[in-house]
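Right, one structure below, let's go through it.
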Amino acid sequence: MAVPKAAVALRHVKSVVVRFCPFQTNVETTRIFLERVNSKKARASNINCVVTTDVRHDGSEPVVDIMFADGDRLIMKGANLTAAEMLSAFNSRCIAKDLKAEEKTKKKSA
């Protein structure tokens, strides 16, 4: 599965928990997402972000649980999503948080 290399920035992310059973057939997209979030470049964007992998042998479906610094939470069930869809949802949420942060700084300086 070819997934375009999207820039992943963890600036506004407090923690990422990736939970999956490696023996299920539908975990490939979740593993790809984990690989992107756990890359050196992504980790360098926020050294305080905690990335946790929870590997289980219980047949559970793959889940990505992202906690943002402002308390928001994004839960993605990887069984029915492609890696591109997961990365797109994550990046769109991060871009929205970037815009919100820029608006706050503009209001403070005005």
Side-chain angles (χ1 to χ4, degrees):
M1 172 183 267
V3 179
K5 289 276 186 183
V8 177
L10 302 174
R11 234 171 287 130
H12 303 285
V13 180
K14 185 177 180 181
S15 67
V16 178
V17 178
V18 180
R19 192 174 298 118
F20 62 91
C21 174
F23 303 107
Q24 294 294 98
T25 58
N26 54 3
V27 298
E28 182 181 5
T29 58
T30 306
R31 285 178 163 210
I32 292 169
F33 182 83
L34 174 63
E35 178 183 325
R36 297 288 163 80
V37 170
N38 212 18
S39 69
K40 287 182 181 180
K41 193 172 188 179
R43 296 293 297 261
S45 66
N46 182 1
I47 59 173
N48 296 322
C49 178
V50 178
V51 178
T52 308
T53 307
D54 184 8
V55 179
R56 300 178 174 196
H57 183 49
D58 60 358
S60 60
E61 78 175 61
V63 176
V64 177
D65 186 357
I66 302 164
M67 180 63 79
F68 292 95
D70 63 357
D72 277 354
R73 193 174 201 173
L74 174 63
I75 299 174
M76 296 184 282
K77 296 187 177 182
N80 301 321
L81 297 172
T82 65
E85 289 171 337
M86 293 173 81
L87 288 166
S88 175
F90 176 71
N91 283 333
S92 65
R93 186 75 68 99
C94 289
I95 289 169
K97 294 201 180 293
D98 282 339
L99 293 174
K100 201 174 190 181
E102 284 179 24
E103 286 178 7
K104 281 186 179 180
T105 57
K106 285 182 182 178
K107 286 181 181 178
K108 286 182 180 179
S109 64

Discussion item. Quick check: do P62 and R31 have side-chain heavy atoms less than 4.5 Å from each other?
Written reply: no
Worksheet item: Are the side chains of V63 and F20 in touch, meaning some heavy atoms are under 4.5 Å apart?
Response: no
To the nearest 0.5 Å, what is the distance between [atom1] on [X] and [atom2] on [Y]?
X: T82; Y: L87; atom1: OG1; atom2: CG; value: 8.5 Å
X: N46; Y: C94; atom1: CG; atom2: SG; value: 10.0 Å
X: I32; Y: M86; atom1: CD1; atom2: CE; value: 9.5 Å
X: D70; Y: K97; atom1: CG; atom2: NZ; value: 3.5 Å
X: T30; Y: L34; atom1: OG1; atom2: CG; value: 9.0 Å
X: R93; Y: D72; atom1: CZ; atom2: CG; value: 6.0 Å

Might you point out which heavy atoms bring [X] and [Y] nearest each other, and give the distance in Å?
X: H57; Y: F23; value: ND1-CD1, 3.0 Å
X: Q24; Y: G59; value: NE2-O, 3.6 Å
X: C21; Y: S60; value: CB-O, 3.8 Å
X: N26; Y: A79; value: ND2-CB, 3.2 Å

Fill in: Listed once per pair and sorted, the salt bridge (charged side-chain N to carboxylate O under 4.0 Å, His left out) pairs that draw on residues 75-86, sequence neighbours left out
none
Item to complete: Please work out whether the ring planes of F33 and F90 are parallel, tilted or perpendicular, with thresholds of 30° and 60°.
Response: perpendicular
Worksheet item: Are the side chain of S88 and the backbone N or O of A84 linked by a donor-acceptor pair below 3.5 Å?
Response: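 Side chain of S88 to backbone of A84: no pair is present.
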Item to complete: Answer yes if V18 and M67 sit in the same cluster of Ile, Leu, Val, Met, Phe, Trp and Tyr residues linked by side chain heavy atoms under 4.5 Å apart, and no otherwise.
Response: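 No.
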Worksheet item: In terms of hydrophobic clustering (I, L, V, M, F, W, Y; side-chain heavy atoms under 4.5 Å; direct or indirect links), are V17 and V27 co-clustered?
Response: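 Shared cluster, no.
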Discussion item. Tell me whether the count of non-hydrogen atoms from other residues, nucleotides or ligands lying under 6.0 Å of CD1 in I47 goes above 12.
Written reply: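 At most 12 heavy atoms, drawn from other residues, nucleotides or ligands, come within 6.0 Å of this atom.
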Worksheet item: Got a sec: does the CG of N80 have more than 12 other heavy atoms crowding it under 6.0 Å?
Response: no
Show me, pair by pair, the donor-acceptor contacts under 3.5 angstrom made by side chains of residues 8-15, not counting sequence neighbours?
unit_1: R11; atom_1: NH1; unit_2: D98; atom_2: OD1; d: 3.1
unit_1: R11; atom_1: NH1; unit_2: D98; atom_2: OD2; d: 3.1
unit_1: H12; atom_1: NE2; unit_2: D98; atom_2: OD1; d: 2.5

